[in-house]
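When reading the values below, keep in mind they use all heavy atoms of this one structure, side chains included, and skip hydrogens, waters and symmetry mates.
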Protein chains: 2
Amino acid sequence: MATEDRRSRRTRSALRRALVDLVLERGYAAVTVEQVVERADVGRATFYTHFSDKQSLYDDLVAALLADLAARLEPGDTAGPGFTGRPVHALFEHAEAEEATYRMVLRGDGDGRALRSLTDALAGAALRVFEDRVADQGLAPRVDLRVLARAWVGEQLAVLTWWLAEAGRPLPRADVVGMLADLARHGRWWATGFGDDAPDAPAGTDSSAPLV
Amino acid sequence: MATEDRRSRRTRSALRRALVDLVLERGYAAVTVEQVVERADVGRATFYTHFSDKQSLYDDLVAALLADLAARLEPGDTAGPGFTGRPVHALFEHAEAEEATYRMVLRGDGDGRALRSLTDALAGAALRVFEDRVADQGLAPRVDLRVLARAWVGEQLAVLTWWLAEAGRPLPRADVVGMLADLARHGRWWATGFGDDAPDAPAGTDSSAPLV
DNA sequence: ACCAGTTATAGACACGCTGTCCAGGAAAGT
DNA sequence: ACTTTCCTGGACAGCGTGTCTATAACTGGT
């Protein structure tokens, strides 16, 4: 009387794992349903009793991942070993735990659908937090909060992608997360090694400040 | 005696435009070569004399875009109306000029290949600039420069994506670029409205600082 | 241990898109 | 005008898809 027949669970999870593996090997577009069922050791007809097509399996996978992430981002949640409750930490922890799937998503496989979902979810959450904080503490934002949310999330995901999928985790997770925190607190100018007094640009036209 | 036969040029550019249009309408995966040649009003056999497949046409398109962007990022270049020579400005200007193609790339169509190329190119350039600056001015970076470069580029592209492809350019370009500059100079803390004195986290364990 | 209900499977089918080839007709460049 | 280059429609085999069938295997509950 468990939620599902054991055979269904086995089949579905075998298909999910096979898809992730194959996508990481060949890229989403190059993967066929035939390859997936062969890798999962499942009959082709069986595939179609569970999913309508490749996209459907992919969406299912991503939805599960996002639901799992959302649960970890819940403020009250402190389950899991070493879970800190801080969003960026939670994201990086989750990514490390589900490395294969994250690699797939962050690479943009599936025409970027999954990556967009992830970005939207995080940016939406960030925007809500910013707005609440501004309201609660009566702050006067100096930058459009929508831009702020996107920038902050873009920063996280870009670093996460580099760290997890490209460079192969060359630094401890805590260090990378700490750098993101420092960056958020002090800005890039400070991080590069300049003094705390950031040079206010001759606001308006053409200072030829490099990279800005 | 121009570099190419006029017919070739016409055909190629028709195919390029057709691909971009169709991808924006239906997504890269859903576009077929047959649809492209029909939209471009070109024989199917003709397509294959120019490109080996859909991917090839796509790659050609992206390569041209990146080459164009690289030219605009050259320090010495001051061509074009209102071109400022500042990299972020140049990127946003280019994106506005080539809006359709940028939408396609930023959305991650084509399994993210193009977006990754763009990211890598910008991150590589940023890293080089950072390293040069640190060396020239004898700075002591407070954050790993590789992380810094990825974060900075991720920030730009995330904001660009939101501004160009999702929100439909709700703010003037100069404003958005200015916000990115402010953010780089002062950090998110300052941007949210807090004072200049960023609260240094009890560096190490678990301050429950939200969103960090 | 058994049984009814569910799930897995192989094989066959039509269909759509791919990538290649060819022989002609059309339009460039000089 | 004339040669070279490009475009074109049609035909081809090949592959992957999504659906359907009848049969076999397994499952949870009695």
Side-chain angles (χ1 to χ4, degrees), chain A residues 1-64 104 109-111 113-114, chain B residues 1-64 104 109-111 113-114:
Chain A
M1 213 267 247
T3 50
E4 221 181 354
D5 195 306
R6 184 197 299 162
R7 287 168 294 178
S8 286
R9 267 178 289 137
R10 280 175 50 84
T11 301
R12 289 174 109 91
S13 91
L15 289 172
R16 277 194 271 254
R17 237 175 306 117
L19 181 69
V20 173
D21 285 0
L22 286 167
V23 167
L24 288 180
E25 287 174 21
R26 320 178 181 186
Y28 181 83
V31 173
T32 70
V33 172
E34 283 189 337
Q35 292 166 356
V36 173
V37 298
E38 193 201 5
R39 178 72 63 101
D41 199 20
V42 160
R44 204 165 73 86
T46 308
F47 178 94
Y48 289 103
T49 67
H50 288 280
F51 303 100
S52 58
D53 52 19
K54 184 176 64 162
Q55 185 64 45
S56 168
L57 168 57
Y58 178 81
D59 290 345
D60 179 79
L61 201 64
V62 172
M104 182 183 87
D109 269 302
D111 282 355
R113 251 180 294 270
Chain B
M1 212 264 251
T3 50
E4 225 181 352
D5 193 308
R6 183 196 302 162
R7 287 169 294 177
S8 286
R9 264 178 290 139
R10 282 175 47 86
T11 300
R12 284 170 177 271
S13 91
L15 289 173
R16 278 193 270 254
R17 237 175 305 116
L19 181 69
V20 173
D21 285 0
L22 286 168
V23 167
L24 289 180
E25 286 174 20
R26 320 178 182 186
Y28 181 84
V31 173
T32 69
V33 171
E34 281 189 337
Q35 291 165 357
V36 173
V37 298
E38 193 202 6
R39 179 72 63 101
D41 199 20
V42 161
R44 204 164 73 86
T46 308
F47 177 94
Y48 288 103
T49 66
H50 288 280
F51 303 100
S52 57
D53 51 20
K54 184 176 66 163
Q55 185 64 45
S56 167
L57 168 56
Y58 178 81
D59 290 346
D60 179 79
L61 201 63
V62 172
M104 181 182 86
D109 269 302
D111 281 355
R113 252 180 293 272

Close N/O contacts between protein and nucleotides 12-16 of chain D (under 3.5 Å):
unit_1	atom_1	unit_2	atom_2	d
dG16(D)	OP2	Glu34(A)	OE1	3.4

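- Residues meeting the side chain to side chain contact (heavy atoms under 4.5 Å, CB included) test with Thr49(A), sequence neighbours left out: Thr46(A).
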Output one line per pair: protein atom, nucleotide atom from nucleotides 26-28 of chain C, and distance, for all N/O pairs under 3.5 Å.
unit_1	atom_1	unit_2	atom_2	d
dA27(C)	N3	Arg7(B)	NH1	3.3

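- Every residue two or more places apart in sequence or in another chain that forms a side chain to side chain contact (heavy atoms under 4.5 Å, CB included) with Asp59(B) is listed here: Gln55(B).
- Here the closest heavy-atom approach between residue Asp111(A) and residue Ala29(B) is recorded as OD2-N, 2.9 Å.
- Applying the side chain to side chain contact (heavy atoms under 4.5 Å, CB included) test to Ser56(B) and every residue at least two apart in sequence or in another chain returns Phe51(B), Ser52(B), Asp53(B).
- Phosphate contact (OP1/OP2 of dT5(D), side-chain N/O of Ser8(B), threshold under 4.0 Å): absent.
- Applying the side-chain hydrogen bond (donor to acceptor under 3.5 Å, both in side chains) test to pairs two or more places apart or on separate chains, those with a residue in residues 12-22 of chain A are Arg12(A)-His50(A), Ser13(A)-Arg17(A), Arg16(A)-Asp60(A).
- Nearest heavy-atom pair, Ala14(A) versus Ala40(A), reported as atom, atom and distance to 0.1 Å: O-CB, 3.6 Å.
- Residues of residues 46-58 of chain B having a heavy atom closer than 4.0 Å to DNA chain C, listed by number: Tyr48(B), Asp53(B).
- Remark: Arg44(A) engages no residue in a side-chain hydrogen bond (donor to acceptor under 3.5 Å, both in side chains) (not counting sequence neighbours).
- Residues from residues 13-31 of chain A that place a heavy atom under 4.0 Å from any atom of DNA chain D: there are none.
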So what is the 5' to 3' dot-bracket string for DNA chain D, if pairs are Watson-Crick or G-U wobble with both distances under 3.5 Å, crossing pairs use [ ] and | means the partner sits on another strand?
|.||||..||||||||||||||||||||||
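- In this structure, CD of Glu38(A) is placed 13 Å from P of dT17(D), rounded to the nearest angstrom.
- Of the candidates Val36(A), Thr32(A), Val31(A), Glu34(A) forms a side chain to side chain contact (heavy atoms under 4.5 Å, CB included) with just one, namely Thr32(A).
- Side-chain atoms of Tyr58(B) come within 3.5 Å of backbone N or O of Asp109(B) as a donor-acceptor pair.
- Within a 6.0 Å sphere centred on CZ of Arg26(B), other residues, nucleotides and ligands contribute more than 12 heavy atoms.
- Here CG of Leu57(B) is found 4.5 Å from CG of Leu19(B). Values are rounded to the nearest 0.5 Å.
- Nearest heavy atoms, Val23(B) versus Tyr28(B): CG1-N, 3.8 Å.
- Remark: Glu25(B) engages Arg39(B) in a salt bridge (charged side-chain N to carboxylate O under 4.0 Å, His left out) (not counting sequence neighbours).
- Under the salt bridge (charged side-chain N to carboxylate O under 4.0 Å, His left out) criterion, Arg7(B) pairs with Asp5(B), sequence neighbours left out.
- Residue Gly43(B) is the one, among Gly43(B) and Arg10(A), whose nearest nucleotide of DNA chain D lies closer to the 5' end (criterion: closest heavy atom).
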